[in-house]
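Below is one structure; the comments refer to it alone.
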Amino acid sequence: MSQRPDQTSPRLSAALSITALVVAATAAAWGLTTGILQSPPANLVDKDPATGAISYILRRPLDPVGWLSWAGATRLFTKDPLVAAQAIQAATILGPADPQVLKARTLLAFQQGNVDAGLNQAADLAVTLPAERNDAFAMLRAHSANPEWTKFWNARLATGWPPVDAFLLYACQRGASLSTLFSLVQPALSIQPLNDAIVTCIGSQAINEGQLPAAYWLWVNAMRTTPKSLGNVFNGDFEHAVTGGLFDWRFAAGGEYREGFSVGLTREGSVGTRGTTPASNNNTVLSIRFNGRALKLPIAQQYLALQPGSYVLAYRSRQLGASLPGTVTWTVRCVPANLRPTIGTAKSEALPDGWTSRVVEVTVPDACTGQLLDLEAGDRLQLLQGFRGTVLFDDISMKRKS
């Protein structure tokens, strides 16, 4: 049986160096390589990637693909980074702008321990070759814990590296830890605000992990579109459109035929009955219309980031043609739900305009670092019975007791 070529011999390594210098300038590389890269036995070409690559190089010595294939096979079979580096150098001379060659050079820099060069080559690759951006981002993310990262990241931010937003979104969507994401975001914010999609992605991860204060900080400080009507309850007067932001209102999306109700914002004048509300009233309110079907919660919610302490939850409500077997009221829960705030006894007062004012004291314990404002509707049996009519809410607030 014929012997496999010795891929690690001094003679072959020397030939690689010569080939890398000469082959790009002249087709005489064929003469330099055929004497060294002897044709491998035919029965090995299809079985061994290294011999297959050599066979390809002998047929097409000026094609960088063969040299890249041999570089990969050399690392796999001989664990010889020097030979692999020489093969990649040859490929670089033959195809200096080839995407696969550029990626191979970047990977080689990392493998040789030159992290600075690898990071910068990957960053440049993400700009010059958009089609290879995800591969470049993968290399960057894989080395974001290296000591060289901080200097690299700050330098790229200072020079206005174009794909900053794209890289942050990539890291978030590929499951980077919350601590890693914030270490990327905080220096970036000193240069520019973030795309709303990034804030939503990172903030949602923080909420899912029970880190609501971190999510709230990001939402307030990082978005290019600054949230309006900030307060302990966001947009409690419902005068701004619901945008789906992290700490905006969250309404059930299924509709009244699936959950037994429909919910949304509407003008108060459009839902008045028997002349009790003028049609010209343009005050925006939260409207929940029940149709008698069994209820499926939640109806409406909003995440909060209250500090521990005592608060007064206040809101106005109004029932229109309602037949309610239970009460529809707001409550506060801890997130995660391992604790419960102390909820006092609610006090209600009928107002002359047909509305009812309701206030209740809420005490947030020390370990309850995140909360959920949630609309409740009766007990389990009452949910199965279903509700009928319309309930309106407005002017929801959460004020700290002095």
Side-chain angles (χ1 to χ4, degrees), residues 229 231-242 247-252 255-256 259-293 295-304 306 311-333 341-362 371-380 382-383 385-399 401:
S229 186
N232 290 330
V233 175
F234 175 71
N235 194 21
D237 58 6
F238 304 108
E239 294 303 321
H240 299 284
V242 175
F247 289 83
D248 204 345
W249 292 105
R250 298 168 184 244
F251 301 147
E256 57 187 324
E259 277 96 1
F261 63 87
S262 62
V263 57
L265 303 188
T266 188
R267 296 296 183 184
E268 184 180 351
S270 67
V271 292
T273 59
R274 293 190 293 272
T276 57
T277 300
S280 60
N281 188 330
N282 288 325
N283 180 46
T284 303
V285 297
L286 174 63
S287 173
I288 300 100
R289 186 178 66 193
F290 299 99
N291 64 4
R293 295 175 181 268
L295 296 180
K296 181 181 177 181
L297 301 180
I299 298 175
Q301 298 177 323
Q302 184 179 132
Y303 284 108
L304 309 176
L306 305 175
Y311 296 83
V312 175
L313 170 61
Y315 55 91
R316 295 190 303 125
S317 65
R318 185 178 184 185
Q319 297 181 10
L320 300 175
S323 174
L324 309 178
T327 58
V328 183
T329 57
W330 293 95
T331 190
V332 179
R333 311 180 193 280
T342 301
I343 309 294
T345 301
K347 299 178 182 180
S348 300
E349 178 185 356
L351 302 175
D353 58 1
W355 286 78
T356 297
S357 172
R358 188 178 179 92
V359 296
V360 58
E361 290 190 10
V362 178
Q371 306 82 30
L372 181 67
L373 181 62
D374 190 17
L375 187 61
E376 289 186 328
D379 58 27
R380 183 175 299 179
Q382 292 164 345
L383 291 176
Q385 292 173 344
F387 291 37
R388 286 190 179 278
T390 299
V391 179
L392 309 179
F393 290 98
D394 200 6
D395 297 330
I396 303 174
S397 65
M398 179 79 72
K399 297 181 179 180
K401 292 185 66 176

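Numbers for residues simply follow the sequence, beginning at 1.
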Sequence neighbours excluded, the answer for ring-ring contact (aromatic ring centres under 6.0 Å, His included) partners of F247 is Y216, W219

Has the side chain of [X] got a donor or acceptor atom that lies under 3.5 Å from a matching backbone atom of [Y]?
X	Y	answer
N283	E268	no
Q371	L306	yes
R388	N291	yes
W249	F234	yes

Contact check, side chains of [X] and [Y], non-hydrogen atoms, under 4.5 Å:
X	Y	result
V328	L375	yes
Q385	L295	no
K399	N232	no
I396	Q302	no
L383	L297	yes
L392	W355	yes
T329	V360	no

Measure the [atom1]-[atom2] distance between [X] and [Y] for me, rounded to the nearest 0.5 Å.
X	Y	atom1	atom2	answer
D395	F238	CG	CZ	8.5 Å
E259	I288	CD	CD1	13.0 Å
F261	R293	CZ	CZ	13.0 Å
T356	Q319	OG1	CD	7.5 Å

Is a side-chain donor-acceptor pair under 3.5 Å present for R267 with T284?
yes

For R289 and T390, test the side chains for any donor-to-acceptor distance below 3.5 angstrom and give the result as yes or no.
no

Which pair of non-hydrogen atoms, one from [X] and one from [Y], has the smallest distance, and what is that distance?
X	Y	value
A241	N235	O-ND2, 4.4 Å
L286	A300	CD2-CB, 4.5 Å
G354	R318	O-CG, 3.5 Å
V233	S397	CG2-C, 4.1 Å
S287	T266	CB-CG2, 3.6 Å
A252	P298	CB-O, 3.5 Å

Name all residues meeting the salt bridge (charged side-chain N to carboxylate O under 4.0 Å, His left out) criterion together with D394; count only those two or more places apart in sequence or in a different chain, and write none if there are none.
R316

Could you label the plane-to-plane angle of the F393 and W330 rings as parallel, tilted or perpendicular, counting under 30° as parallel and over 60° as perpendicular?
perpendicular

Taking atom CD of Q301 as the centre, does the number of heavy atoms from other residues, nucleotides or ligands within less than 6.0 Å exceed 12?
yes

